[in-house]
Structure formats: C-alpha cells, structure tokens
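Input: a single structure, listed below in structure tokens.
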Amino acid sequence: MTGIGVRRGEVPDAGANELSTWFDRDRFLSTFTAAARVLGKAPLELHADERDALEAAGAARSVDGWRLDELGRVTMLALVSRRLLATELELLLSTGYQQGDSRERQALLRALPLVTGAERFLPLAVDACRTNELPVFEAIACENRYPAAYFPELNFNQMVLKAMFMGVSLARIAGLEQRRSSELARMADDFANERRAAGRSAPADIGLLSPEHEHERATRIPE
C-alpha cells in the first residue's frame, strides 16, 4: 500500500485525526502518474466470467475501451476515497485534474461514479465538459454513468449538444434514454436547423433525442 501514500506498517483509520498522518497526496499523485509505466497501456481484455459479472452488475459497457493503466488509476481513486475526509478527497481530485495529463484526466473522470460522495464533484465534472480535447470530453460524456446520475437538466442537455457538435455518437451517452426530454429535443432541433442553415448536415442520430423515439422503439413489433 505504500505506493498510494500509506506508510509501511500503518493501518488507515477513518478518524479525522489520523488521515493527515497516513495519507501523502504528493506520493499518491506520483504513483497515479506512474501507472502508465508500471501497468502499461495494453487494452483491458476481460475473461468471459469477468465480463459476465460486469454485465450482471450493469457495468460492462462502462469499461469498454479501457486500458490497464486506466483501470489501475480508477481503482486507486475508488479505494482511497473510502478513507479520506471529504475535504482531502476534493483537494486530491481537483489537484489531480489540474495537474494531470490527458490520460490522467480521463481516468479521474471515469472514476467519478465510483468515489465516495460522488455528488460533491459535480462542479469538476461540469467543467470537464467545457474541454475541446475530445478524449477528455468522451471520458465524462461517454460510457460514464455520472452525468445521467448527477447533472442538472441544463448541464446534461448542454453536454449532449456538445457531443453532437464534436461528432460523438449519442448512443455512447449512458442514461440518455432516461434523461431525454422535450426541452432537449427542442434544443437539438434548433442545433440541427442552425447546421442546415449553414449548409451542413445534421447529426444522423439526432432522432435518439426525440420523445417519440422511445415510443416507437417500445411499440415496434419484433420481426
């Protein structure tokens, strides 16, 4: 455990007076950065039983496309979040996001649904949607349950519109069917009309945002 900031021989204690003695944020972030070198960047290849277990938990889609260093970083954040005070965890994630490279930011964003008190990191997640760096945007917007679970309607709708603007498939947005609304459909129509007026095509999957889409899908007679 020394690699994530726990001194050898010490047992982490959840008490407020103990946390500052066992956790070393700088050491943790150094190990977080070193994950790519230590674990490598090979694609995550799940065994059949592992995928079955994730499927049963509804989480298989979340790890599609992950690499080993990403899994290691997400695991580190999820585990340490169980022991840190809220203020220490907030400082760790904000520092990690500000100082991290693109891949470190991606892992941090994908870890958000798994950390303790995930709702506290809404400002960080919303701010991440403002990036123009596609892989970082995809880390929060795609195959990530966090936005659907915690974003207010306006922020969720803005994220979906940006996904269309950046050419991201709407099918990759977890929880879109549950968060789809007439207001989102209206905003998408306005976006499509602006593109057509500029001589550009509308996204091919914009129909996924129509309230009628779910009705049509639910009432379709199986072939």
- Which value, rounded to the nearest 0.5 Å, describes the distance between Phe165 atom CZ and Phe191 atom CZ? 7.0 Å
- Are Val63 and Val74 close enough that some pair of their side-chain heavy atoms sits under 4.5 Å apart? no
- Query: Is there a side-chain contact (heavy atoms from CB on, under 4.5 Å) between Phe151 and Cys129 once you walk through the steps?
  - Reply: CA-CA 11 Å; Phe151 276 27; Cys129 289; 3.7 Å; yes
- Message: How close do Gly175 and Ala148 get, counting heavy atoms only, and between which atoms?
- Response: CA-CB, 3.9 Å
- Rounded to the nearest 0.5 Å, how far apart are CG of Leu209 and OG of Ser182? 12.0 Å
- Check whether Leu176 and Met166 end up in the same hydrophobic cluster, where Ile, Leu, Val, Met, Phe, Trp and Tyr are linked by side-chain heavy atoms less than 4.5 Å apart. yes
- Which pair of non-hydrogen atoms, one from Tyr150 and one from Ala118, has the smallest distance, and what is that distance? OH-CB, 3.8 Å
- Message: Ignoring hydrogens, what is the shortest heavy-atom contact between Ile206 and Ala188? Give both atom names and the distance.
- Response: CD1-O, 3.4 Å
- Message: Between Tyr97 and Leu109, is the side-chain contact (heavy atoms from CB on, under 4.5 Å) condition met? List the steps.
- Response: CA-CA 8 Å; Tyr97 188 79; Leu109 293 171; 4.0 Å; yes
- Item | Distance, nearest 0.5 Å, that separates CE of Met164 from CG of Leu170 | 6.0 Å
- Query: Roughly how far, to the nearest 0.5 Å, is CD of Gln106 from CD1 of Ile140?
  - Reply: 11.5 Å
- Co-membership, hydrophobic cluster, residues Leu154 and Ile173, 4.5 Å side-chain: no
- Task: Examine distances only and state if a side-chain atom of Ser30 and a backbone atom of Asp26 form a donor-acceptor pair shorter than 3.5 Å.
- Result: no
- Query: Relative to each other, are the rings of Phe28 and Phe23 parallel, tilted or perpendicular (30° and 60° limits)?
  - Reply: tilted
- Message: Measuring only between side-chain heavy atoms, which start at C-beta, is Met159 closer than 4.5 Å to Asn155?
- Response: no
- Query: Where do Asn157 and Ser181 come nearest, in terms of heavy atoms and distance?
  - Reply: ND2-OG, 4.3 Å
- Item | Arg103 side chain vs Thr33 backbone, donor-acceptor pair below 3.5 Å | no
- Note on the structure: On a heavy-atom basis, the closest approach of Ala139 and Arg110 is O-CG, 3.6 Å
- Message: In this structure, would Leu93 and Leu91 fall into the same cluster of hydrophobic residues linked by side-chain contacts under 4.5 Å?
- Response: no
- Message: Salt bridge check, Glu177 against Arg180: does any charged N sit closer than 4.0 Å to a carboxylate O?
- Response: no
- Item | Residue pairs fulfilling side-chain hydrogen bond (donor to acceptor under 3.5 Å, both in side chains) with at least one residue in residues 125-138, sequence neighbours excluded | Ser102-Glu133, Asp127-Arg130, Glu138-Arg172
- Message: I'd like to check the salt bridge (Lys or Arg N to Asp or Glu O under 4.0 Å) partners of Arg195; sequence neighbours left out, ordered by chain and number.
- Response: none
- Query: Rounded to the nearest 0.5 Å, how far does OG1 of Thr31 lie from CG of Asp24?
  - Reply: 9.0 Å
- Task: Indicate yes or no for a side-chain donor-acceptor contact from Tyr146 to the backbone of Leu122 under 3.5 Å, with no hydrogens or angles considered.
- Result: yes
- Item | Minimum-distance pair of heavy atoms, taken over all atoms of Trp22 and Arg83 | CZ2-CB, 3.4 Å
- Message: For Glu88 and Arg25: C-alpha separation, side-chain torsions, deciding distance, then whether side-chain contact (heavy atoms from CB on, under 4.5 Å) applies.
- Response: CA-CA 9 Å; Glu88 290 179 310; Arg25 187 175 67 253; over 6 Å; no
- Query: Is Gln178 atom CD crowded by more than 12 heavy atoms from other residues, nucleotides or ligands, each under 6.0 Å away?
  - Reply: yes
- Would you check, one step at a time, whether the test side-chain contact (heavy atoms from CB on, under 4.5 Å) holds for Leu114 with Leu77? CA-CA 8 Å; Leu114 304 175; Leu77 290 172; over 6 Å; no
- Give every residue pair that meets the salt bridge (Lys or Arg N to Asp or Glu O under 4.0 Å) criterion with at least one member in residues 150-170, sequence neighbours excluded. none
- Query: Atom CG of Leu184 and atom CG of Leu208: how far apart are they, to the nearest 0.5 Å?
  - Reply: 10.5 Å
